[in-house]
Structure formats: C-alpha cells, structure tokens
There are 4 protein chains.
Amino acid sequence: MTLKVGVIGTGAIGQEHINRLNNKLAGAQVVAASDIDAAAARAAVAKLAPGAKVHADGRAVIADPNVDAVVVTSWGPTHEEFVLAAIAAGKPVFCEKPLATTADACLKIVNAEIAAGRHLVQVGFMRRYDSGYRALKKAIDDGAIGAPLMVHCAHRNPSVPEAYVSSMAIVDTFIHEIDVLRWLIGDDYASAQVIVPRNTRLTHSKLDDPIIVMLATKGGIRIDGEVFVNCQYGYDIRCQVVGEDGVADLPEPQSVPLRREGRFSTAILQDWKLRFIDSYDVELQDWIDATKLGKVDGPNAWDGYFAAVTADACLEAQRTGAVVPIVTTPRPVFYDKG
Amino acid sequence: MTLKVGVIGTGAIGQEHINRLNNKLAGAQVVAASDIDAAAARAAVAKLAPGAKVHADGRAVIADPNVDAVVVTSWGPTHEEFVLAAIAAGKPVFCEKPLATTADACLKIVNAEIAAGRHLVQVGFMRRYDSGYRALKKAIDDGAIGAPLMVHCAHRNPSVPEAYVSSMAIVDTFIHEIDVLRWLIGDDYASAQVIVPRNTRLTHSKLDDPIIVMLATKGGIRIDGEVFVNCQYGYDIRCQVVGEDGVADLPEPQSVPLRREGRFSTAILQDWKLRFIDSYDVELQDWIDATKLGKVDGPNAWDGYFAAVTADACLEAQRTGAVVPIVTTPRPVFYDKG
Amino acid sequence: MTLKVGVIGTGAIGQEHINRLNNKLAGAQVVAASDIDAAAARAAVAKLAPGAKVHADGRAVIADPNVDAVVVTSWGPTHEEFVLAAIAAGKPVFCEKPLATTADACLKIVNAEIAAGRHLVQVGFMRRYDSGYRALKKAIDDGAIGAPLMVHCAHRNPSVPEAYVSSMAIVDTFIHEIDVLRWLIGDDYASAQVIVPRNTRLTHSKLDDPIIVMLATKGGIRIDGEVFVNCQYGYDIRCQVVGEDGVADLPEPQSVPLRREGRFSTAILQDWKLRFIDSYDVELQDWIDATKLGKVDGPNAWDGYFAAVTADACLEAQRTGAVVPIVTTPRPVFYDKG
Amino acid sequence: MTLKVGVIGTGAIGQEHINRLNNKLAGAQVVAASDIDAAAARAAVAKLAPGAKVHADGRAVIADPNVDAVVVTSWGPTHEEFVLAAIAAGKPVFCEKPLATTADACLKIVNAEIAAGRHLVQVGFMRRYDSGYRALKKAIDDGAIGAPLMVHCAHRNPSVPEAYVSSMAIVDTFIHEIDVLRWLIGDDYASAQVIVPRNTRLTHSKLDDPIIVMLATKGGIRIDGEVFVNCQYGYDIRCQVVGEDGVADLPEPQSVPLRREGRFSTAILQDWKLRFIDSYDVELQDWIDATKLGKVDGPNAWDGYFAAVTADACLEAQRTGAVVPIVTTPRPVFYDKG
Ligand SMILES: [Mg+2]
Ligand SMILES: [Mg+2]
Ligand SMILES: [Mg+2]
Ligand SMILES: [Mg+2]
C-alpha cells in the first residue's frame, strides 16, 4: 500500500519533503500540492512529482479524496488552520515546526485531536531522528550513566543574517533543544532562566548573542544551554548528559581525520542542513510507516504545545532576567504512552 | 519508472536484498525470484515481495520478460553461469562477490560483456559505498594529503568459526581491502607478499592468524594490510593513507562517548554487518538509479577480474612467502572512465 | 646560590614539599622545620632533610637566621599568623591554600605586605602550573579563540568521605576553579549564583551534590562550573572557553588508548593527586627561582584575598539561592603587573 | 651526596646536559668539562657550571679525581675511546647514542665492561624515558592487550636538510625505534627487510623517502616501521602494538583542542626536541639516582651493541632489498636482569 500524500506549501522545505516522499523514501507518493504562489507549486510538482494535482489552496489539498495524509510546510502562521482542517477531515498530518505560532493555538489543536479521538498530528522536530541523539538516548535508557542530573549543551551557528533578532535565539534555534532534550531525558520542564554574557563583537544591536538558557525539570534535572549564533567557526551541536554513574556525550558527526600543515584535525560542518539532512529522511520514513499503521510515533501535538509553552517562558525569562515557571494544562490521558 | 528486478538466490543476503529493493529503497520492485530450495524462495517472496513470481531456476528468472535487471545472490560457484546468462539476455546484473570463483571465469565474463557492447555487470563490493571510505576518497581526490605513498590498514574480526582456514583470510576477508583500496588510491596492483607473524594462541591449526599482506602498486604505492580475524576485541576496519603532504584516516563509526567506571570510551562494533549495513542500501540504490540510466557506476566486471587475479597472487604469496607479481591481461579500452 | 627554606607543618603536604624542595627540585635546601607534633617533625626531617633543624614552633622557624624563605603547610587556621610573621621578618613565604580562613584576614595580609613594601607572599594555587591550563592560557592569550565570552567547566571527584559537607564544595573544591579561571581569562568576578540540581542518590544529608556555580565577571564573561564530588567514574577536571572566534578546551591527561573487550578507551584518573602532582613540582621550582630573584611570580596575597571574597559570595549564594555580588576593596596599585 | 660529573663535548647536546645536570636536576654537579674547541668548553662552563674545571681533553676529564661519573656528548667517532677509558678508570659513563660507530666497537665495550666486572655504561636512548612509551609499556606488561603479535609504527619528520641521505634514515632516525621497540616488547630481533615505496617529490636524489622497515623478532612478532622524514606536516611518532587480546597505542602529546575556522584540531609538534625534551630530564635524573646506587637501570652497553647490529642489518636490507638476518654474539649472563 502506498501512502498518498498532499503537501501544503512548496517553498524550500516543502520541495525537499516532496522529493523525499516521492523519490527517495519507500511507501509514499505525492499526489497533491498547493502553495500561496500557484506557479511555484506547479513548478515544484512538475519537477519532483509530475503526476500530482496542484490545488488552489491547502484546504483543497486536505479535501482531495485521493489524499490519505497531509504534510504542512507552509508559512508558520498558517499551520494552525491547516492542522485543524486535517484533524477535522480525519487525515493524518505532519506539520513542520512550529505546530502553531502560539501556545494557545497549539492547545486548541491538542483539544481538537482529543475530540477527534484519534492520533493524527506529528510535529517536525527532526532531531529525535538523528542517529547521534538516538544513540545517546539509548545509552541513557540502557542505564549506562544512571539517572540524569544535568545536561550541558550548546547550539552554535557560524553566523546569522541581520534579520535574526534576540527572540529567534529561542523560537528558531533553542526550540530544537527544548523538544529534543525533553524527549532525551524523559522529563518535563518546570522553569526557565536566561543568562546574558557580554555580547560578541560580531552581533548587532537587536541580537544578544550568546545567551545561556537554564532549564529546570520537574524531576530536578538542570540544563544549561548555550545559544551562540555568531560563533564563526561552524555549526556545532553539543550535548553532554551527566548521570549519577557516568557521563554521555552526543557523538560528533563523522569526518576524515587529517594530519596536515601542523594540525591534526577534523572538519566542522558549516551548514545546519548537512548536520540533520539524514534525520529528515528517517523522520519522514518513520512517519510514512507509522501513518500506514494508524499511529503517531514521533513528536505529537502535546509535544508541540509543550515546546510552545516552554519557548514562551524562555522568551519572558530573556526579557526579564527572572526565573520563569513553565506551566501547562495537565497532560491529557490521551497522550499517555502505551 | 520502476526497475523490475529478479533475484537469484534467496539465502540470507538474498532475502536482505529483496527486502531492500522491494520495501526500503526507491524505484525498484522485486518481480521474480528463484532458489535451489524452491520452498525457501516461495517463503522469502511471500514475506518480502508478495507479488513476485517464483521461478524454477535462475535461468528462468533471467528469461522472465517482466524482469528488467537481475541480482545474483546465489552460491558463489553459480555466479559465473548466471552473470553470463544475464549478459547473453542483455539484462543488467548485480552480482554479489565473488564475480566468479576463478580469475579465468571472471575474464570470460569481462570478454562476454565487451562482446555484448554494453556495460551490464556490477559486483557487490559494498565498501565503495561506505560513507567513511567515500569521505576518505574525497579528501584524497581533493588533494588534502597530496599524492598517496603508503596505505596502512587493518581488517580485524573478533573471531571466526573453525571452518575458516588460512586461504579465507584472503578470499573472504582481505578481498574487501583488495577492491576498495585500489578504488581509493586509483592505482593498480603490481605485486603481493604475505608476512606471517607468530600465531595468536586463539587460532587453530588450519589458520595462520594474524597475517600482513603487503601490496605494491604500479605507481609505487605500498600497502601493508593486517588481517587478524581472532582479535577478540571487535570488528575494526582501519585505513590510513599517507600522502606527500599529509595523512588521512578512515573515520571511526559513530559511537556515544561514555565516561564511566574509570574509563572514557566508545563502543567498537562486534558484527561486520552493523559496520556496512548502510553501505548496502547506498550500493543498491545507486545500482537502481544507474541501471535506469543504462550505466554501471559501481565496481564492474573488470574490477571483479582484477580482484580475482590479486587474490590469487596473495594466496600464492601466502603459500610460498615469495613476492608474487600481479599480472592481468591489458585493461580493455571498454573499461576506460570517461 | 641555594635557597634555604624553613617548612612549618610536616603533615602529608608538608612532607611532600620538604621532599620536593630538598631532594627533587634544584636550587633549594630545607634547613629548618616545625610541627605542632614535634616528634612528627623530627621523623619527617630525619627521613627527608637529615641536616635540617627542628624548631619548637613556626615562629622559631621564621626567626631562624639560617632560613631564607618559609613554606607554610600547617593547619589552615594558623596560616594567617605565620604569613604575617614572615612578612614582619621580611622573609618570602609560600603558603598553601587558603592564605587565611577569612577574607578579612587575607586583607590584613595584603595590607601588611603593602606596608612592608616588598612582594613576599605566594599562595599555593597549583593549577596555574599545570601544563594543560598553561597551554590553554597560551592559546587564549595568543588570540586563538578571540575574546572569551563564556567558560563551561566541571570539577568531578569519584567520591568524598562523610565529613565532606556542602560548604566544602566551595571552599575545598571549587576554590581551585575560582583562582585558576580568574587567572585564565584575566578578569575579576562580579557576582555568583549557585544552582542546585536534584541530588545524586549517592550523597548524604549534609551535602548537596552536584551543584552548578555561575559566576559573572566584571567584563561580562559568564562561567558555569559544575561541582560533582560523587560522580563515581573518576577525577575529571574539564574546562572549555568559548571566545568570539573559537573554542578551546583544557587538554585531557595523557593515557594509553586501548582497544579491548569491545571498547576503545582511555583511563580516567581516580585520584586528584595524580592529576596535579607535576604541577606541584613546577610550582615550587618556579617559587624557588623567583624567590632568588626577589620576585613573586605566582598567585599572590591579592589573589588569595580575591579567592576568599569570591568563596564567601559563593557560600552565601549556596545558602540563599540569590545572585550575590562579589565586592572587594579596590585593587591596590602595589599589585599591578609590570 | 652530590654526584660530581665530568662532561666530554660541549656542543649543543653537551650544553643542554650540563645545564640539566647542574641547574635543573637534583643530586648532581658538573665539576669538569672538555671540548675539542677549548674556548667553547670554557664558554659553556662559564655560563652553565661556573665552578667546573675545563680540561684539555676527554681523557683528562675522566682522570680528574674530582669526577665521579662521566657524560660523553662528543662527536660520535670519539665515543668508543672515551667509554673504554671511563670503564678502565672504573667510572660510570653515560654516552649519548651511538655507543660506538660500529657493532664491533660496541662489542669491545661490552667485553671491557664484563671484564671490569661492574655495570658502568648507559647509552642515551631517551625514548625509554618518555612518559608515553612508559605508559604503553606498562599497559603491555600489565597484560592489557595480551601477548604482542605485531607493532605498527611511524617516525615522521617535517623535513630534513640536503645532507641527510638514505642511510641516515636508519642510523639517525629509525635507530630510536630499534632500541625502544625491543625494550617495549621485550623481545630480540631476528631479521630485517626494507621496503621502498615511491619517493615523495619532496626528497632529493640521495635519499629514498619514505621507507618501511620490517623487523621480525625471535618470538615471531612482526614490526612495520614507516620512516618518512619529509612528511611536511610535523614531527609525529606513532606506535601501535597489537596483542592477542587487544591493541594499545602510544599516547599523543598533550595539545589544546581548538574549534576554529571550520576545523576541530590539535597542534602537531614541529620539532623533535619538543617531543622528547622531558625525556632527557627523566633520563638523566634516573641516571644520577641509579649511578649513586652503583647501578645501571637504563639502556646498557649490550643494548647499544644490539642496536648497532640491528642497524647494520637494516642498512644491508636497505641496500639489497633482501631479508637480512640479525645475528649477535650470545647474550652474556652479565646482562641478565635480576
Ligand atoms: Mg524540523
Ligand atoms: Mg558485498
Ligand atoms: Mg595548592
Ligand atoms: Mg638520546
């Protein structure tokens, strides 16, 4: 059985996902697509999924009876509408992050999914599919380091454009840590604090860079997360988990060790896409396979909501310097595992 | 367009390839299969490629008009027959190593392919598709270390069964280095010598273990290749290329760095399949894609022949202790790149 | 010229320093010693510095006209008295940490030294003499990573005895980071905060373990320092400095890389003495050489005072959870470099 | 008790040893010196050992009744004479490598020492005192890798001057491996073979570079030793010992790990002196201490003779391409350990 997919939004990530689903992964076919720029949608489809139908808008994609499942890769502010529409249509939906632009909107989606009585929504937090994070989680779950007590991590980009301002360090950058660390250590967040070192000379007036985000979990685990988006030297994602019996690190990406010109060295990636490109493949293949079984295995609507609430707390902490509690509605039984 | 594949031989590797081609990779479908044990073929097909036709023998698979291309995963001694038949039928054929059990038989295949006037044959040397070897080759080709002068490598297995005897260190184990190093450094072999250290206490009377295979290339590059198949500690493939301007190493497989119980450590794989499992996927996806374009991008019949001649020289060197020349027929223009 | 040294306090560290000065390093001779336990002093001298005179008390050691310089390795509460007496006698004095047990007492020493008009006092912060920290400082000072913005560090011990309580995490353990990081980054501290994760199950009721000490410098550098003294796996001192242009790490102690039993590993030290044993030699040799030149090159009385004030702030931060300012008297011109 | 040392030869290494013995290490004093250039000797002594007497020649140094022990750092061809004279005078002698310029001369020294009935001679193979080799030897001796079967090693220099010709790859460069590996694995050599890869473009007509020296031990251990003295990238000494149960590597020199400009790197030393500078200190301190006890703990005259015989065999193997046996006189009981 082939999963027939409709893709809403054919920008860069949309085109990549169309190509993945249609030409690279197994078990799916892109049968429909739309974009706010209809010509762009037609061009993308012509190139990557020649047989697919181009619809006037995302709602038409969802309504297409030939579409089994929906991928939302449109502009963030439209996510809420399309995800709710997919739930209303009873169709599984993979939505790129963010699930919605506000925590309230995420909660609305959570409630809609619960009302629908079926698990339909997955959010595009691809790091959970990275082989490194998976191996790290396995080590922790296998008890290699005992119960986690602290996480030291860093998210570094070589540089960011002028349009990148302080809040984006949370909602575009650290948001990945917010989701993946919660999954990694299996604990929910209780509070956030943001510490602001002296700015690097290489930032601009609208961006405090670097910052350190401190999270406490309900179970008392402490996370310190450096976000440094003008670090110059490369795209570097670091994560060290300190447990009661040992310490585990996120593996480094593979690189050829070179001895030349007086240095022993490995290359550091310069582009985040190269770092997580494989994760996208695993993520969507997993989504195809789970969807066919009527399941959601990946980050779900509740995870999307939790990330949104956490990001809001981090933003407030960033503005105020205070320790800000992270408070969600009680976790619905619907999202219990097993 | 989907490539319709017939698989000859449904043993362990055959089943894995059927599953890859049919359920995991993009652009292929297994439409026919056979095995000397017809019931085994039926069971494999029922489980992994339900729609495929089970034929009485490999020749019938090749003859099936619905079959576009053939995968040979039967017992080694049958490879020659099936590859020649596929060539005769004008059908692309992917043959697991060895291409044939003798250098003469490989040469017969080479000549048959040349006579057919089309590139049809690929040999299953999967290491060329390993991400580590590819990165290493790219570094060399990019000039990172200058012209190669020496290669130091090792092929270590934790242990081998009693049935594994001295010759298998060449034909089953070092054969992978024979192919991949020639590709890596872009040079043909000129001679072989085998040096036999004291045996490990953990070998048996029919197996000299470890050995060191010394190869010289036509361009004067020297390779020392340790083969140690009872090394106890793990499956470890090492390769260091020393160039005029620097040195490059094969990257280590990814592993979680752990600090516990007084050691800082990473895991070493215990099973060769885990080491190269991803390479099989890349290899067959590449084969599917190239085959659709009417090309052979991977190790070809000439490479299979060259590996066979080299292995024969290594075996003689192992028996005699002498430096044994590696002599092939002149390379046919047919196999020129470009 | 041989520097004739008197040693006050012949406990474990006292005996080690006597042996170093007298038998291992160049240019010094231990000519006098004392201990509260006179028999112990006699035994130490008999074994390690046979010709030295045993005095009734530390003041007599200082007063001995044959003594050029004094080493204070007695019980902490006595340091103030002996250092002040040495200053009064105009004799150079090397005092093991702490310089004195209160910041006020340290300040009294500072003022006495200024009044004496000569640099006489060095404090035993040996980490500044560790080859790893020195190499790290050189990299920073050479501009390899640009201006420092953040320091991530950890001080881990395998375990501590029952008598070790929460305050000792600051005054016995993190005190080393307090001194060495200030020297490393060349900036003074402005405030401290202590964050307390969930305790490890392996601590006891009087000890919060681990903790994270957050320091801010006057220049805006932020330091997060994990102190985890029941980490089980080893004695591990980690330090990463993040600068505007790059990141530098404290080198690992040398260890033989081993491949065995399925792991690639290096040993982690289990005893802090092994980690810094070489530093003691360098430290005291440097002190001998500088003392002969009438200089103090190492951590001085002002550094001892600054460490004491910082430790007090960390202790208050540990008790209160608040961000505590670190306030010293203005730095006297007497302690300007150059 | 201070060991009063006379130094013969005050060139570069002679001056360094005078400074070590007199100003850096404990328990020795340089009381006499000589050089073929008497002015040079006077200048060296004035600067580094002001009280020492300058003699007309090395024999006078040895004869000086104030001299307890002799260090020979003169030109290689004079070593034999001075070592024999020291033995005749019954004085301990530390001789920089080579012990003598021919194996026969070394054997004459061996016989003279046996005739003297006392262990008096140590040869300056400083690698045995390197902390890395010592740690590696300890790992092997502790059984961490089981019985050694193979050693893979490399000796790389960034470049050599024009005066460096092929034979020097053995007698000046690989000679260090010859001694240290024999000590490391506790086995004597039985034969040598030299393999010559294509020359690097960066060598000249009198120097084959790189080469691979293959040694077999009496116990069947096989060593492959790359010597590459124009490797460009740095001074790099590598050694991997493969045992029946595991593999151990020589540790890398300490270096600050840096992340900058797209690379994660450590520095590679450019000068061999930096690599082994600490070993010289350990070596001479050990010699002082052992000499005071009337012992020779380091490489002795027999080791010097064995190295000379091995080097001769390697030179012949280099000239002829053949496998050359390494044959010494039987090991005298005098040199038995314990
Ligand atoms: Mg995503
Ligand atoms: Mg294969
Ligand atoms: Mg100290
Ligand atoms: Mg030497």
Side-chain angles (χ1 to χ4, degrees), chain C residues 1-2 19-29 50 130-146 184 238-267 277-278 281-282 285 288-289 292, chain D residues 1-2 19-29 50 130-146 184 238-267 277-278 281-282 285 288-289 292:
Chain C
M1 190 205 84
T2 296
N19 189 42
R20 263 182 202 100
L21 292 162
N22 211 57
N23 306 318
K24 198 166 175 193
L25 304 177
Q29 187 185 353
D130 172 64
S131 60
Y133 275 110
R134 294 202 150 193
L136 179 55
K137 181 164 174 60
K138 184 174 185 330
I140 296 169
D141 292 351
D142 287 351
I145 60 166
L184 186 70
R238 315 198 65 71
C239 183
Q240 178 175 77
V241 184
V242 182
E244 294 191 345
D245 302 316
V247 175
D249 281 68
L250 184 67
E252 300 279 342
Q254 186 184 60
S255 172
V256 173
L258 282 180
R259 286 174 178 82
R260 65 191 301 263
E261 292 177 355
R263 310 286 305 174
F264 175 57
S265 73
T266 47
I277 193 85
D278 291 344
D281 289 347
V282 179
Q285 186 66 61
I288 294 167
D289 297 346
K292 287 181 179 180
Chain D
M1 189 204 84
T2 296
N19 189 42
R20 261 182 204 100
L21 292 163
N22 211 55
N23 306 318
K24 200 168 173 192
L25 303 177
Q29 187 185 354
D130 172 63
S131 60
Y133 275 111
R134 294 203 150 191
L136 179 55
K137 182 164 173 57
K138 184 174 184 330
I140 296 168
D141 292 350
D142 287 351
I145 61 166
L184 186 70
R238 316 197 63 71
C239 184
Q240 179 174 79
V241 184
V242 182
E244 294 192 344
D245 302 315
V247 175
D249 282 68
L250 185 67
E252 300 278 343
Q254 187 184 58
S255 172
V256 173
L258 282 180
R259 287 174 176 83
R260 65 191 301 263
E261 292 178 354
R263 309 284 304 171
F264 174 58
S265 73
T266 47
I277 192 85
D278 292 343
D281 290 347
V282 180
Q285 185 67 61
I288 294 167
D289 298 345
K292 288 182 179 181

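Below, each value reflects all heavy atoms present in this structure, side chains not excepted, and no hydrogens, waters or symmetry copies. Naming: A, B, ... by sequence-line order, numbering from 1 per chain.
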> Which heavy atom of D:Val256 sits nearest to which heavy atom of C:Ala139, and what is that distance?
CG1-CB, 4.3 Å
> So which part of D:Ser131 gets closer than 4.5 Å to some heavy atom of chain C, the side chain, the backbone, both or neither?
both
> Would you compute the distance between atom CG of C:Asp245 and atom CD of D:Glu261 and round it to the nearest 0.5 angstrom?
8.5 Å
> Of all of C:Gln240, C:Gln254, C:Lys24, which one pairs up most often with chain D through heavy atoms under 4.5 Å apart?
C:Gln254
> Compare all side-chain heavy atoms of C:Glu252 with those of D:Glu252 and state whether any distance is below 4.5 angstrom.
no
> When heavy-atom pairs shorter than 4.5 Å are enumerated against chain D, which of C:Gly146, C:Pro257, C:Ala135 gives the highest number?
C:Pro257
> Tell me, out of D:Gly132, D:Ala267, D:Gly27, who's got the most heavy-atom pairs with chain C below 4.5 Å.
D:Gly132
> Please state whether the side chain, the backbone, both or neither of D:Leu258 comes within less than 4.5 Å of a heavy atom of chain C.
both
